[in-house]
Structures are given as C-alpha cells and as structure tokens.
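Sequence positions, counted from 1, serve as the residue numbers for this chain. Worth saying up front: this structure is predicted, and the values here are computed from it rather than measured.
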Amino acid sequence: MERLMSGDFDVKAKHSSEEALQKWRKLCGVEKLRIAVLVSKAAFQFIQGVSPSDYNVPAEVKAAGFDICADELGSIVEGHDVKKLKFHGGVTGVSEKLCTSIVDGLTTTDSDLLNRRQEIYGINKFAESQPRSFWIFVWEALQDMTLMILGVCAFVSLIVGIATEGWLEGAHDGLGIVASILLVVFVTAISDYRQSLQFRDLDTEKKKIIIQVTRNGFRQKLSIYDLLPGDIVHLAIGDQVPADGLFVSGFSVLIDESSLTGESEPVMVNSENPFMLSGTKVQDGSCKMMIATVGMRTQWGKLMATLSEGGDDETPLQVKLNGVATIIGKIGLFFAVVTFAVLVQGLFSHKWQAGTYFRWSGDDALEILEYFAIAVTIVVVAVPEGLPLAVTLSLAFAMKKMMNDKALVRHLAACETMGSATTICSDKTGTLTTNHMTVVKSCICMEVKVVDQPTKAASLVSEMPVSAVKLLLQSIFNNTGGEVVVNKDGKREILGTPTETALLEFGLSLGGDFQAERQAVKLVKVEPFNSTKKRMGVVMELHEGGLRAHTKGASEIVLAACDKVINSNGDIVPLDEESINLLKVTIDQFANEALRTLCIAYMELEGGFSPENPMPVSGYTCIGIVGIKDPVRPGVKESVALCRSAGITVRMVTGDNINTAKAIARECGILTDDGIAIEGPDFREKSLEELLQLVPKIQVMARSSPLDKHTLVKHLRTTFGEVVAVTGDGTNDAPALHEADIGLAMGIAGTEVAKESADVIILDDNFSTIVTVAKWGRSVYINIQKFVQFQLTVNVVALIVNFSSACLTGSAPLTAVQLLWVNMIMDTLGALALATEPPNDELMKRSPVGRKGNFISSVMWRNILGQSLYQFMVIWHLQAKGKSLFSLDGPDSDLVLNTLIFNSFVFCQASFSTNLKTIRIFLK
C-alpha cells in the first residue's frame with residue numbers, strides 16, 4: 001500500500017482507451033454496413049431499372065410548398081449520386097426546390113414557411129438518450145456487496161432481536177444498521193445524480209458551435225442547432241461541417257472524412273464532387289455549402305444513433321486511489337476475519353468455562369450475529385469508499401467553478417493534471433494580446449507613414465501614386481479571407497479574423513470600396529493562409545484582360561519572394577541591396593515597437609496560369625509593409641509573474657517576427673535576461689546534443705511551424721520530464737495539443753479541429769484564465785491529499801482499536817451501528833467538506849508537484865501515524881477503564897472532547913464558514 005501511495009505521481013500521455021477503440025471499431029463496422037446497403041441499393045435499382053425520373057414528390061411535401069423530400073436529399077448526398085443531382089437540376093435546381101437561394105440564403109420573414117420547413121425536414125439536433133432517473137442511482141448504490149451483506153445482517157438482527165427481546169429493545173441494532181445503510185445509499189445516489197446532471201450540462205456546452213450563414217441576403221452568425229435545409233453556410237480551414245449538404249462555391253477545399261470513413265486521405269470537394277457530410281472537417285480551403293439534410297437524417301446522425309453516450313474515463317488519480325482502496329480493503333478483510341475468529345473463540349471459551357457449551361440460546365445467536373456484523377463493518381470502515389467519491393466530487397466541483405471562470409473542461413483528467421503543470425507553452429496573438437488589431441504604421445512605396453487615425457490614412461492616399469493606391473486596394477479587398485457586408489440593421493460590418501479585419505478597415509479608411517473591387521475581377525485561384533506557408537494568395541482575371549497574382553504574409557518570407565518594388569513615384573524598379581536593407585530595417589523597427597508586420601506584393605502573370613498549378617513562389621513586386629498593433633491583455637504581466645512564483649515556466653510560441661515576439665514577451669515578463677529567443681528554422685537545424693542544452697532556456701520561439709511546436713513539447717515532456725500545457729487555436733496546432741499533457745484550445749479564435757484535440761477550452765482566449773485553471777488543478781490535488789490523510793487516519797484507528805480490543809479483551813469497543821455511523825460521516829460529510837474547498841492564493845506560492853512528485857509525502861505519513869497512535873491511546877485508555885464511549889463523565893468526557901476538537905482541527909482544516917458552506921451544499 002505504501003509503495004502504491006508513495007510512488008511517483010506519473011502523469012501519462014494521452015492515449016485512446018479500450019472503450020474508445022471499441023466504439024471506433026463499432027462505428028467503422030456501421031460504416032461498412034452503410035456502404036454495403038448503398039451498393040445493394042444501387043444493384044437493386046440497376047436490376048429493376050429504377051431511374052431518378054421515377055421520383056414523385058410526396059403529397060405532404062408538395063402541400064408545404066417544396067418540390068423535394070428529405071429522403072431524396074439524403075439519398076443524393078449520402079449516396080454521392082451525381083445522376084440524381086443532375087436530374088434535379090444540380091445544386092441550383094435543388095435550391096429552387098427547397099425554396100432558397102444560393103446567393104441570399106433562406107428567407108425567414110415568412111414564419112409559416114419556416115415552420116413547415118422544420119416539420120418536413122426536421123431540425124439539426126441529434127436524438128439524445130434519456131437521462132437516468134435518480135432511482136437508478138439509488139439502485140446502483142445498493143449493489144455494493146458490503147452493504148448487501150450488512151442488509152442481511154440487519155434483517156437477521158431484527159428477526160432474532162424481536163424474537164428474543166421484543167419489538168422496542170430487539171429492533172434497536174437492526175434498525176440502526178438499516179438507517180445507516182439507507183443514509184449512505186442516498187448520499188451516494190444524490191452525489192452521483194447531481195454529477196450526471198452536471199456532466200450532461202457540460203456536454204451540451206461542448207457541442208455548442210457558432211457558424212456563419214447567409215440568411216435574408218445578410219451574412220450572420222448562427223448556432224448549428226438552428227440550421228435548416230436550404231441554409232447557405234460559410235466554411236473555412238478548421239471548421240466542422242455542421243450537416244449533410246452540397247458544395248456551392250469555393251477554392252481548394254479538402255475535407256477530412258476520417259471521422260466517418262477512417263480514411264486519413266483528405267477528399268477534394270468541388271463542383272464535380274459537391275457532396276459534404278456532417279461531422280467531417282475542412283482541412284484546407286474555404287467554401288459555401290447548402291444544407292441538404294439535418295439532425296438524425298444526416299449520415300453522422302444515423303451513425304451516432306447506434307452509439308450510446310459514454311462517460312468520462314477515469315482520471316490517473318482516480319485509478320491510483322481505486323487501487324489503494326482495493327489494497328486497504330484486502331487488509332481490512334484480513335483483520336475482519338481475524339477479529340471475528342477471536343471474538344467467536346472468546347464466546348466458545350466462555351461457554352466452555354461456564355459448562356454451557358452444548359446449550360445455545362437466542363442471545364448466543366444474537367451475539368455471534370453481532371460479531372459477524374462487527375467483522376463486516378470493519379471491512380466497510382476499512383474500505384475507503386470515500387477516496388473515489390472525494391476525487392469525483394472535487395473534480396466535478398472544480399469543473400463547475402472553472403466553467404464560471406471561462407474554462408470548459410472536456411476531459412476530467414485535465415483538472416488534476418493542470419495542477420501538476422510545470423510549463424505553459426502559450427500562443428501570442430489573442431492569448432497574451434487582446435486580438436483587436438489595427439494598422440498603425442505603413443511603408444508603402446518605400447515611404448514610412450503613421451496611419452493610426454482615419455485622417456492620417458486619408459492624407460496617405462493623397463501622397464501616394466494613383467497606380468500604387470489601386471494595386472494596394474485591389475490586393476487588400478481580393479486577397480482576403482474576410483468580407484465587408486451590410487447587416488440586417490443596414491450598418492457596415494467587417495467579418496473575418498482580427499488580422500483580416502485590421503487590413504479591411506485600413507483599406508476602407510483609404511477610401512476603398514470592397515464590393516466594387518470584388519466585382520471588378522474574377523478570382524481564378526485562392527490559396528488560403530496556413531501556418532506552414534505563412535502566407536496566402538489569389539490569382540485573378542482582370543476586367544481589361546490578363547492575369548494577376550497577389551500575395552501577403554510574413555514580411556521576411558514574402559519580401560524574399562520579391563525582386564522588384566514600387567518606389568515613391570509609382571515606378572516599378574529592381575529590388576536592389578539598398579532597398580532590401582531599408583525594408584528590413586523598417587520591418588525590424590515595426591517589430592521592435594511590438595507591431596505585427598505583413599508584406600503585400602503582386603505579380604503580372606504574362607505567361608498565363610492554370611488553376612491546377614500552385615501559385616508562383618518568386619518574382620513578385622513589393623507594394624509595401626504594414627504594421628499592425630495588437631495590445632497586450634490587461635493582467636497578463638501579473639499572471640506571468642504569478643506563474644513564475646508558482647514554479648511554472650511560461651514560454652511563448654508564435655508565428656510572428658522574432659523582434660515582435662521579443663518585444664511582446666518582455667512586456668509580458670516572459671523573456672528574461674537569461675532566457676533565449678529563437679526562430680523556428682534555427683530550432684529545426686539544431687542537433688539532439690544542442691537541443692539538450694538549448695530547450696530548457698528557450699522562452700520565446702518565433703516564426704515557428706506546427707512541427708516546431710510539436711517537437712518542443714515532445715522534448716519538454718519526454719527528455720526533461722516536464723508536465724506541459726499547450727495553447728492552440730489553429731487546425732495545425734492539433735498535433736501539439738494532443739502531444740501535451742494538457743491541451744488548451746481557444747474558444748473564440750480556435751477552430752473546431754483544435755477544440756476537438758484539446759482537454760480544456762479557454763472560452764475568453766485569455767492567458768489569465770489559463771492561470772486560473774492551474775490554480776484549480778492545484779486545489780483539486782491538495783484537497784484530495786487532505787482527504788486521504790483524514791481517511792487513512794480513521795481507517796488505521798478503526799482497524800487497530802477493534803482488532804486489538806477483540807484480541808486482548810474478547811470484545812469490540814465500537815458496535816456495528818457505531819462503526820457504520822463513523823463510516824458514513826467520514827465517507828460522505830468528510831468528502832464534501834474537504835473535496836470542495838476552493839483555491840486560495842497560497843497555492844500559487846508553492847512549487848508544482850510535477851511528473852515525479854510523491855502523492856503522499858513523508859510529512860503526511862508521520863501525521864497519519866501520529867494521529868492514529870494518539871486516537872488509539874485515547875480510546876485504549878477509556879477501554880482499559882471499562883467505560884463506553886457513549887457513557888462518559890468528568891475527565892474522561894473532557895479527554896474525548898479535546899480529542900475530537902484537536903482532530904477536527906488537524907484533519908478537516910476547515911473554518912466554521914467552510915463547514916456552513918458544506919452543510920448548504922449537502923442540503924442543496
């Protein structure tokens with residue numbers, strides 16, 4: 001037992017449980033069945049000569065105003081039936097039959113039509129299993145074997161007691177056992193029932209996804225639960241496809257269908273293959289899709305219907321404590337058997353000496369039954385059922401409170417593991433900074449200008465050559481993942497990432513017209529931004545003829561792809577060494593002012609271009625560089641200092657310029673004089689021996705790729721034994737989030753892929769919230785440590801007192817009823833009091849437990865043994881005087897009272913207000 005409890009508290013890497021693998025195999029089996037059904041259906045249609053032209057619109061669908069039913073839509077999308085799709089007029093024809101527009105989306109002004117649409121096609125929600133009732137939890141609590149044995153003892157005690165002593169006297173012990181059993185059962189059931197409701201609420205919260213749709217001609221945000229067939233949805237990299245549907249328009253769309261098919265190879269979706277399935281994820285590109293089927297009619301809904309919702313896996317600490325409880329239970333069973341044997345032997349010896357060995361009465365039978373009940377109760381008291389209960393209560397309590405603190409816990413283990421974290425690898429943008437960006441400086445046509453106000457931006461236009469202004473606006477408004485729209489209130493609204501929003505605001509301040517610029521050209525190819533290339537680009541066909549490519553991205557990367565530049569006169573000149581040095585100095589100046597820099601460039605494609613080919617990687621003309629301000633979040637510096645005092649190292653891992661990263665890191669207090677800032681490309685070139693010396697000192701990694709982030713996390717975990725928490729928001733952050741001990745995804749800026757790979761979702765994208773999660777994790781760990789100390793002390797005393805007394809005196813000082821009530825108090829009220837104590841600031845002033853920390857320290861063992869000995873001596877002193885614990889007076893009662901007060905202080909370590917809070921929680 002000591003080896004188990006004192007062993008290394010090893011936080012293991014995350015792996016799929018056997019239960020998860022079984023679910024996956026089952027799901028894959030369902031997928032094979034689906035394919036078999038579709039193949040059989042196609043063969044049957046071929047044999048019977050059934051063709052799409054045989055389709056007749058059901059009367060109820062026709063009456064509702066539509067010309068296609070949900071089953072037909074499902075067969076088109078699920079079966080990837082191009083023939084049927086063409087029969088219905090393609091995507092445009094299906095949209096007309098659904099009474100929608102692929103441009104303006106659904107019209108929701110007609111409430112009757114909206115209601116009929118919901119009645120015919122359903123809503124986008126999956127059927128959920130009914131929650132288990134409270135009485136099911138009561139029944140499960142009653143299945144405990146020791147409680148069942150005690151129930152039998154109570155029944156026999158009632159029968160024998162009433163038969164020998166009458167109703168009032170004889171039923172005393174039996175009813176006492178029954179009452180204590182029922183109390184333990186109901187307290188356990190109430191706890192489990194409340195926990196199940198809480199997990200259900202958290203599960204609902206996890207499934208809330210907001211997506212962009214076009215309705216009534218306006219682009220707006222909508223919950224996926226509100227989607228209906230005919231809705232036009234906008235998807236980008238990292239988004240989850242919210243329902244089965246059809247591709248309308250887009251560029252370079254790759255869909256990851258591994259969640260459905262198990263195939264890791266992404267599927268290209270375009271007008272030739274327009275079928276998109278619910279539950280899959282956008283791996284690359286961006287597009288518009290039209291919803292065809294929703295909810296349980298989707299393929300994902302049908303597959304989910306075959307799977308039952310599973311609970312959370314046990315956390316590492318729960319597994320460890322369950323093992324400890326088993327060991328202690330076996331020790332208790334040994335003591336119980338010996339105690340029963342000694343007591344029965346004492347009874348036989350007494351009867352032998354009295355000469356009544358062959359005369360047995362009901363009192364003798366009742367006494368033997370009492371001995372058996374004592375033995376069983378010793379097992380009950382020895383088995384620390386409160387350990388798993390305390391862990392569950394503490395984790396559930398922490399999960400609920402963290403939700404209030406803007407942290408959604410997806411996996412229970414993250415609560416306790418976060419308390420052991422020794423390193424946090426954090427993103428910069430949106431986590432350490434506010435993610436509200438504005439262009440404050442620019443270097444257009446080799447001229448540096450401050451443009452932090454609209455008037456300054458307007459004056460910039462008057463000083464720039466007209467040709468350069470035209471190229472700049474064309475690049476800003478076409479080479480973008482954002483959009484400028486008019487909302488339903490008639491106001492202009494900018495949609496997109498903070499970086500795109502800042503550039504679009506800059507373009508509008510220069511007098512640009514988003515819609516006019518978009519209509520003046522035709523996009524031929526779009527390469528969306530990703531963290532590997534660190535740039536994005538478009539190829540467009542000009543109204544006057546010819547092709548032009550625009551690109552933007554990390555300044556040094558895009559600048560390296562340029563060989564020409566627009567000068568102050570608007571002329572295109574070669575990019576000589578002097579011009580390159582000037583631009584590099586400008587980039588460094590912007591970066592040292594903590595500005596995020598982007599380079600904007602273009603090139604004429606005089607030799608033509610095929611959309612199947614990648615965009616050119618060199619030969620561009622530099623239009624200019626912009627500096628974007630993203631202020632540090634309030635409170636981040638204090639949070640970093642708090643982490644440092646708590647022994648947690650904070651590292652910044654970002655894709656930004658190294659000078660920008662260093663400036664922000666110094667402002668946050670992350671980069672110190674003895675720390676190292678390194679760029680991703682340099683980090684990749686280091687040998688293993690160099691990394692061993694370098695990794696512990698790295699505080700900032702700039703221009704990092706997802707692979708760099710994954711490599712850093714892996715080295716910190718495996719080579720240096722750190723417990724690592726990692727933040728991420730993009731699709732490519734998923735490997736690092738999965739590799740880390742605790743993956744933290746951003747709730748606002750994070751993609752659905754990142755959230756799926758994370759253990760905790762930071763709902764406000766704030767670094768201070770991450771520190772709060774660490775504090776709660778430590779609170780969980782400390783609370784459980786306190787309860788273990790309390791629980792083991794009482795267990796040791798109960799075993800020693802009853803066993804030694806039985807062996808030496810032939811009787812047990814504590815009856816079965818008394819032991820059961822002590823067990824009930826320490827297993828339930830003790831768990832409630834100690835497991836739900838909130839964190840305090842003192843927790844962040846001690847060093848983290850880390851990966852190799854002992855769960856029970858030598859100090860705790862001394863406390864447990866010392867207090868056990870003290871309690872044992874008090875009870876033994878009273879037993880030696882032949883006094884019952886419940887009939888004391890004078891000095892003896894003072895001794896017991898002092899003992900109880902002292903033990904209350906040592907074990908519970910809870911103030912009067914904490915106890916009142918516990919009572920309120922328990923009653924509530």
Side-chain angles (χ1 to χ4, degrees), residues 427-430 432-454 456-457 459-461 463-464 468 472 475-476 479-480 497-507 509-510 529 534-536 551-562 565-568 575 577-601 620-632 652 654-668 670-671 677-681 700-704:
D427 281 343
K428 176 185 76 68
T429 305
L432 299 171
T433 60
T434 61
N435 214 17
H436 181 72
M437 302 187 186
T438 52
V439 177
V440 295
K441 279 192 172 183
S442 68
C443 178
I444 310 296
C445 300
M446 305 296 289
E447 296 282 337
V448 177
K449 299 289 182 181
V450 177
V451 290
D452 55 353
Q453 297 176 9
K456 293 181 179 179
S459 64
L460 175 65
V461 176
E463 297 171 7
M464 284 172 56
L472 178 62
S475 181
I476 289 175
N479 185 23
T480 179
T497 65
T499 305
E500 296 288 8
T501 299
L503 283 172
L504 290 173
E505 283 179 339
F506 179 55
S509 67
L510 295 176
F529 179 87
K534 298 196 181 301
R535 67 179 183 181
M536 66 178 295
T551 188
K552 73 178 181 195
S555 297
E556 58 269 28
I557 292 175
V558 175
L559 184 60
C562 296
V565 66
I566 303 176
N567 63 15
S568 56
L575 192 59
E577 187 175 349
E578 182 181 354
S579 299
I580 290 175
N581 290 336
L582 177 62
L583 290 173
K584 286 184 176 179
V585 168
T586 301
I587 292 170
D588 289 340
Q589 287 177 345
F590 286 6
N592 289 330
E593 296 174 25
L595 301 182
R596 188 176 192 181
T597 63
L598 291 177
C599 184
I600 301 172
Y620 287 91
T621 300
C622 178
I623 300 174
I625 295 163
V626 294
I628 302 174
K629 180 71 174 177
D630 186 11
V632 172
M652 177 196 290
T654 179
D656 260 352
N657 176 285
I658 190 166
N659 291 321
T660 305
K662 287 163 68 175
I664 295 290
R666 287 195 183 96
E667 189 176 347
C668 295
I670 293 175
L671 184 59
I678 191 171
E679 289 186 310
V700 175
M701 184 183 288
R703 291 299 182 218
S704 64

Taking all heavy atoms of [X] and all of [Y], pick out the closest pair and write down the distance.
| X | Y | result |
| --- | --- | --- |
| Arg535 | Ala561 | NH1-CB, 3.5 Å |
| Asn592 | Ala663 | O-CB, 3.8 Å |
| Lys441 | Val451 | N-CG2, 3.8 Å |
| Ile623 | Ser475 | CD1-CB, 4.4 Å |
| Leu582 | Met446 | CD2-CE, 3.4 Å |
| Ala468 | Ile566 | CB-CG2, 4.3 Å |

Ignoring hydrogens and angles, tell me if any N or O in the side chain of [X] forms a donor-acceptor pair with the backbone of [Y] under 3.5 Å.
| X | Y | value |
| --- | --- | --- |
| Ser579 | Leu575 | no |
| Ser442 | Val626 | no |
| Thr433 | Lys428 | yes |
| Asp427 | Thr429 | no |
| Thr597 | Ser555 | no |
| Ser704 | Thr654 | yes |

Taking the side chain as C-beta and beyond, is there a heavy-atom pair between [X] and [Y] under 4.5 Å?
| X | Y | value |
| --- | --- | --- |
| Thr501 | Phe506 | no |
| Met701 | Ile678 | yes |
| Ile628 | Leu595 | no |
| Val448 | Thr586 | yes |
| Leu583 | Ile625 | yes |
| Ile587 | Asn657 | yes |

How long is the span from the [atom1] atom in [X] to the [atom2] atom in [Y], to the nearest 0.5 Å?
| X | Y | atom1 | atom2 | value |
| --- | --- | --- | --- | --- |
| Ile600 | Cys443 | CD1 | SG | 11.0 Å |
| Thr551 | Met536 | OG1 | CE | 8.5 Å |
| Cys622 | Ile580 | SG | CD1 | 10.0 Å |
| Cys668 | Leu432 | SG | CG | 4.5 Å |
| Leu504 | Thr480 | CG | OG1 | 4.5 Å |
| Asp588 | Asn659 | CG | CG | 4.5 Å |

Checklist entry - Which residue, Ile670, Leu671, Asp656, forms the side chain to side chain contact (heavy atoms under 4.5 Å, CB included) with Lys662? => result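 Checked Ile670, Leu671, Asp656 against Lys662; only one passes side chain to side chain contact (heavy atoms under 4.5 Å, CB included): Leu671.
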
Next on the checklist: side-chain contact (heavy atoms from CB on, under 4.5 Å) for Thr438 and Glu505? Distances and angles first, verdict last.
Outcome noted: CA-CA 8 Å; Thr438 52; Glu505 283 179 339; 4.3 Å; yes

Next on the checklist: Can you confirm whether Lys584 is buried at NZ, in the sense that more than 12 heavy atoms of other residues, nucleotides or ligands lie under 6.0 Å from that atom?
Outcome noted: no

Next on the checklist: If the condition is salt bridge (Lys or Arg N to Asp or Glu O under 4.0 Å), which residues does Glu667 pass it with, not counting sequence neighbours?
Outcome noted: none

Next on the checklist: Quick test of your reading of the model: are Glu500 and Lys552 salt-bridged, counting only N-O distances below 4.0 Å?
Outcome noted: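 Looking at Lys552 together with Glu500, the answer is yes, because their closest N to O distance falls below 4.0 Å.
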
Checklist outcome for this item: Sequence neighbours excluded, the answer for side chain to side chain donor-acceptor pair (under 3.5 Å) partners of Glu463 is Lys449

Checklist entry - Can you check side-chain contact (heavy atoms from CB on, under 4.5 Å) on Ile658 and Arg703, steps first, answer last? => result CA-CA 7 Å; Ile658 190 166; Arg703 291 299 182 218; 5.9 Å; no

Next on the checklist: Assess the residue pair Met464 and Leu472 against the criterion (side-chain contact (heavy atoms from CB on, under 4.5 Å)); give the C-alpha distance rounded to whole Å, side-chain angles, the decisive distance to 0.1 Å, and a yes or no.
Outcome noted: CA-CA 10 Å; Met464 284 172 56; Leu472 178 62; 4.2 Å; yes

